[in-house]
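Data block below; observations after.
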Amino acid sequence: KGSNMLRLSSQNSNPERARDVVNLLIDAYLESNVAAKTREAGKTVDFIGEQLAGLKDNLDKSEQELQEYKVQTGLTTLGPEGGSLVGKVVGLEQQKNELNLKRQRVEYAIETLQQSLKKGTPFTPPVIEGAAQLGELAARLAELEAARKSQLVNFTAAHPAVKEKEAEIRRVQEAMLSAYQSARQELSLGERDAARTIAGYDEQLKEIPETELELAKRTRVHKVNAELYNFLLQKQQEAQIAQASTISSVDVIDPALTP
């Protein structure tokens with residue numbers, strides 16, 4: 001209790017069988033741990049792939065429209081004021097897009113966790129960057145799931161000790177749900193704050209000359225698309241590496257030996 005270490009044992013009149021039961025349970029848990037992490041990494045890859053699907057076309061289109069306008073007007077660069085405002089807007093748009101993507105991941109986690117609570121099935125928490133509380137709860141949940149599996153070696157699912165462990169698991173899942181919901185609210189507020197600031201800069205952009213205003217609009221759209229596309233490509237590569245190199249977060253100190 002109060003430790004992230006588990007000690008497994010099995011009683012049997014056949015010593016070799018008792019040893020094999022414990023080692024098979026360890027192997028099964030290690031495989032389950034890796035499989036869960038691989039599935040989660042795969043979902044991240046798929047999610048980012050969906051976001052990238054239509055973005056490349058938008059990027060190519062915005063670049064073409066920007067270049068066509070430059071050729072038509074002979075205006076190729078923005079003035080100091082316009083360039084400064086566009087730079088600020090692009091930075092805020094990128095911040096807003098990153099918040100939006102993280103919020104979508106949180107909403108996916110909320111939906112999945114709610115289904116797990118409803119059906120009483122295991123929940124594999126997705127990784128949410130910058131959420132320390134969720135990381136701690138995820139570690140606690142993994143410990144409890146491991147403890148429950150070790151109990152099922154000697155007890156049935158109806159045993160009071162197993163039922164108590166399941167109740168603990170549910171309490172942690174409910175705490176995670178509350179933490180996810182708080183994170184979603186915080187991310188939504190961040191998106192709204194960014195949108196309000198962007199709207200203020202848009203009003204300032206209207207004060208620059210008309211021809212430069214159109215160039216500013218097209219430059220902004222293209223830069224926002226380019227920044228988001230590159231950001232998603234980086235995240236996709238990170239997720240693919242994580243998927244390909246998934247290792248267990250569980251270490252076996254000593255395997256079971258024949259007594």
Side-chain angles (χ1 to χ4, degrees), residues 1-4 6 25 28-52 96-152 155 157-192 232 235-236 238-243 245-250:
K1 187 174 181 180
S3 170
N4 60 358
L6 293 174
L25 178 62
Y29 182 69
L30 290 172
E31 291 175 7
S32 174
N33 181 260
V34 170
K37 292 175 70 176
T38 301
R39 283 196 303 272
E40 184 54 41
K43 289 174 184 176
T44 301
V45 171
D46 293 341
F47 171 76
I48 295 174
E50 291 172 2
Q51 304 299 311
L52 282 169
K96 186 163 73 73
N97 286 332
E98 290 180 17
L99 290 171
N100 177 267
L101 288 169
K102 185 180 287 189
R103 178 174 54 78
Q104 289 184 58
R105 290 287 292 156
V106 169
E107 288 177 344
Y108 165 78
I110 290 173
E111 180 182 353
T112 306
L113 179 51
Q114 286 175 332
Q115 291 175 356
S116 295
L117 284 166
K118 182 178 180 179
K119 298 177 181 179
T121 54
F123 171 67
T124 303
V127 177
I128 306 296
E129 296 176 359
Q133 182 186 5
L134 285 168
E136 293 171 0
L137 288 170
R140 177 58 180 157
L141 182 62
E143 292 172 13
L144 291 171
E145 291 283 5
R148 178 182 176 277
K149 287 183 179 180
S150 70
Q151 287 178 333
L152 289 173
F155 305 131
H159 192 279
V162 177
K163 289 295 185 182
E164 174 58 29
K165 195 63 63 179
E166 289 174 348
E168 287 187 66
I169 289 172
R170 185 174 185 85
R171 286 194 290 271
V172 172
Q173 288 180 333
E174 289 172 347
M176 291 190 77
L177 180 59
S178 178
Y180 279 127
Q181 290 170 337
S182 295
R184 178 177 60 183
Q185 182 178 11
E186 184 178 342
L187 291 166
S188 296
L189 288 173
E191 287 181 74
R192 287 198 288 270
L232 287 174
K235 291 300 179 183
Q236 184 184 55
E238 291 174 359
Q240 288 170 338
I241 291 172
Q243 184 180 25
S245 59
T246 300
I247 60 174
S248 176
S249 58
V250 178

- Nearest non-hydrogen partners of A179 and L137, listed with the distance: CB-CD1, 4.3 Å
- Message: I need the E107 CD to L187 CG distance, nearest 0.5 Å.
- Response: 9.0 Å
- Verdict with reasoning, L99 to R103, per side chain to side chain contact (heavy atoms under 4.5 Å, CB included): CA-CA 6 Å; L99 290 171; R103 178 174 54 78; over 6 Å; no
Can you give the donor-acceptor pairs under 3.5 Å from side chains of residues 161-173 to other protein atoms, not counting sequence neighbours?
unit_1	atom_1	unit_2	atom_2	d
E164	OE2	R171	NH2	3.4
E166	OE2	R148	NE	3.0
E166	OE2	R148	NH2	3.1
E168	OE1	R140	NH2	3.3
R170	NE	E174	OE2	3.4
R170	NH1	L117	O	2.9

- Query: Got more than 12 heavy atoms from elsewhere within 6.0 Å of CD, Q114?
  - Reply: yes
- Note on the structure: Residues P122 and S116: closest non-hydrogen pair is O-OG, 3.4 Å
- Any idea which heavy atoms bring P126 and Y180 closest together, and the distance? CD-OH, 3.5 Å
- Mind checking the CG-CZ spacing from L189 to R192? Nearest 0.5 Å is all I need. 4.5 Å
- Task: Could you tell me whether the side chain of P125 reaches within less than 4.5 Å of the side chain of L141, counting heavy atoms only?
- Result: yes
- Give a yes or no on this: more than 12 heavy atoms of other residues, nucleotides or ligands lie within 6.0 Å of atom CD of Q133. no
- Out of curiosity, D46 CG to Q236 CD, how far, rounded to the nearest 0.5 Å? 9.5 Å
- Output for pair (I110 CD1, M176 CE), nearest 0.5 Å, gives 11.0 Å
- The single option from L52, I48, L101 passing side-chain contact (heavy atoms from CB on, under 4.5 Å) against K235: I48
- Message: Test side chain to side chain contact (heavy atoms under 4.5 Å, CB included) on K102 and E98; report intermediate values, then the result.
- Response: CA-CA 6 Å; K102 185 180 287 189; E98 290 180 17; over 6 Å; no
